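Quick note on labels: first sequence line is chain A, next is B, and so on, each numbered from 1. As the structure is a computational prediction, the values presented were derived from the model and not from experiment.
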2 protein chains.
Amino acid sequence: MNLPPLVQSFVLHFGEMGGRWGVNRTVGQIYALLYVSPEPLCAEEIAEGLGISRSNVSMSLRELQAWNLVLLRHIPDDRRDYYTTPDDVWLILRVLAEERKKREIDPTLSVLRELLLQTPRDDADRHAQARLAEMHDMIESLTSWYDDVKKLETERLVALLSLGAKVTRFLEVKDRITRFGRPRKEPLQDVSKAEAKTEEGGG
Amino acid sequence: MNLPPLVQSFVLHFGEMGGRWGVNRTVGQIYALLYVSPEPLCAEEIAEGLGISRSNVSMSLRELQAWNLVLLRHIPDDRRDYYTTPDDVWLILRVLAEERKKREIDPTLSVLRELLLQTPRDDADRHAQARLAEMHDMIESLTSWYDDVKKLETERLVALLSLGAKVTRFLEVKDRITRFGRPRKEPLQDVSKAEAKTEEGGG
DNA sequence: CTGAAATTTCAGAAGTTTCTGAAATCACGA
DNA sequence: TCGTGATTTCAGAAACTTCTGAAATTTCAG
């Protein structure tokens with residue numbers, strides 16, 4: 001490996017983490033290298049920089065493309081493909097979230113739906129389905145929140161994040177107002193329409 | 001494998017997904033089995049149900065314990081260990097989020113910090129550090145949002161989720177108000193003081 | 001068309017992870 | 001103390017993934 005020390009440390013770290021993120025070491029390294037590189041790189045340069053075989057680079061770039069994590073660039077009068085990453089980190093985050101959802105969540109959600117449609121044969125089945133339903137409903141809450149939030153422009157998304165849990169003060173205020181009209185426990189579903197419930201103490 | 005068909009489908013699916021979630025097939029299967037099982041199970045029963053070796057069960061349970069995803073139970077006059085999962089799915093989600101953060105995010109954040117402290121040797125280093133800083137800052141926004149949100153009681157967390165992106169109406173109002181006094185784009189930090197105003201335009 | 005450069009594919013070598021059965025260890029009652 | 005049964009450990013077998021170099025394919029200028 002033939003890179004400036006700072007870049008090298010970053011690249012090696014991403015390589016090690018690759019495994020935990022669902023890609024292999026080389027894919028992680030290539031991504032890291034492209035991410036910090038000031039210019040797009042061609043396959044040969046990547047192979048050279050990381051000290052790995054040209055064919056390994058080719059396969060790993062394919063995988064990065066399957067993840068939508070790299071961009072192709074061309075340079076006039078040079079027919080090689082040059083690769084780079086999007087430079088907006090928030091865009092990168094969106095792509096990553098989308099891809100991970102597609103791989104890690106969606107298949108499970110669809111299996112859960114399928115199994116919940118089956119007619120239970122006995123009490124064991126009924127119990128199992130009740131558990132699957134709990135999991136299904138939680139995942140639905142999460143993905144519908146996600147679908148909603150991903151539509152936000154980045155600026156707003158950042159604002160929303162920095163607001164953090166302060167948002168709940170909003171809910172508390174709503175609560176207090178709402179309780180005058182409607183005395184007691186309601187299903188918590190559509191809080192936005194003003195029918196939250198219970199829970200005093202809020203500071 | 002010797003399980004009711006519905007449970008078996010669920011278990012097999014979790015086994016397949018295991019790889020994508022950073023655990024191996026057996027770990028995924030055991031987790032799924034414990035999750036749907038109405039009673040805690042002992043190692044022998046798990047091995048029997050899944051048709052795998054006793055030692056494999058032992059090692060996989062260890063891993064699930066390292067992830068804090070299983071609970072130990074004891075039955076009077078029986079010295080075997082019985083295992084189960086927490087039954088609140090939201091608690092499971094919290095544990096999972098925490099563990100994944102610990103494994104997938106924290107190490108990277110600390111490497112980024114370390115590399116950002118180094119004195120750059122040239123322009124290439126300066127450019128690389130600028131990129132690392134962008135990544136670092138984004139991850140910090142995310143983790144500080146997460147740290148904030150994870151303190152919420154589940155009931156409030158669910159309410160927050162179902163609110164989704166509607167929360168940004170709150171931000172819009174704040175924007176408008178703020179702009180009277182202060183002509184331009186401000187960091188959107190302390191919105192919490194503008195509370196009660198929001199949300200009349202709902203629907 | 002031909003040929004040179006870039007890229008991809010692929011069989012199998014190298015490396016890694018997962019799984020097992022056998023042996024070691026532990027926990028407890030008699 | 002010992003014996004019984006539960007549990008863990010561990011060396012190596014089996015399965016799987018990653019990586020390479022060689023060969024095949026693509027691309028494009030002349």
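The shortest distance between the side-chain N/O atoms of B:Asn56 and the OP1/OP2 oxygens of C:dT18 is not below 4.0 Å. Phosphate proximity of C:dT7 to A:Arg62: absent, as no side-chain N or O sits under 4.0 Å from OP1 or OP2. Residue A:Ser55 has no polar side-chain atom (N or O) positioned under 4.0 Å from OP1 or OP2 of D:dC19. One finds a side-chain N or O of A:Arg80 lying less than 4.0 angstrom from the OP1 or OP2 phosphate oxygen of C:dA6. The side chain of B:Arg54 places an N or O atom within less than 4.0 Å of a non-bridging phosphate oxygen (OP1 or OP2) of D:dT7.
A straight line from CD1 of B:Ile30 to P of C:dT18 spans 13 Å, rounded to a whole angstrom. One interatomic measurement links the two molecules: CD of B:Glu16 to P of D:dC16, which rounds to 13 Å at whole-angstrom precision. For the pair A:Leu72 CG and C:dT7 C1', the interatomic distance rounds to 12 Å; values are reported in whole Å. Atom C1' of nucleotide C:dT7 and atom OH of A:Tyr82 are separated by 14 Å, given to the nearest angstrom. As rounded to whole Å, 14 Å separates atom C1' of C:dA5 from atom NE2 of A:His74. Look at CG on A:Asn24: it is 15 Å from C1' on C:dA14, rounded to the nearest Å. We find that CD of A:Glu44 is positioned 12 Å from P of D:dG21, with the value rounded to whole Å. At whole-Å resolution of the value, CD1 in A:Ile46 and P in C:dA6 are 14 Å apart.
Along DNA chain C, the nucleotide closest to B:Ile52 and the one closest to A:Met59 are compared, and the more 5′ of them pairs with A:Met59. With the nearest nucleotide of DNA chain D identified for both B:Asp81 and B:Arg25, B:Asp81 has the one nearer the 5' end.
For the residue pair B:Tyr31 / B:Glu63, no side-chain donor-acceptor distance below 3.5 Å is found, with atom types taken as modelled.
A donor-acceptor pair under 3.5 Å is formed between the side chain of A:Gln129 and the backbone N or O of A:Leu115. With hydrogens and angles ignored, the 3.5 Å screen pairs a side-chain donor or acceptor of B:Arg20 with a backbone N or O of A:Arg103. When atom types are taken as modelled, the side chain of A:Ser58 and the backbone of A:Arg54 share no donor-acceptor pair closer than 3.5 angstrom.
Across all strands shown, C:dA23 is found opposite D:dT8 as a Watson-Crick or G-U wobble partner, with both distances under 3.5 Å.
Contact between A:Thr85 and A:Tyr35 at its shortest, heavy atoms only, is OG1-CA, 3.6 Å.
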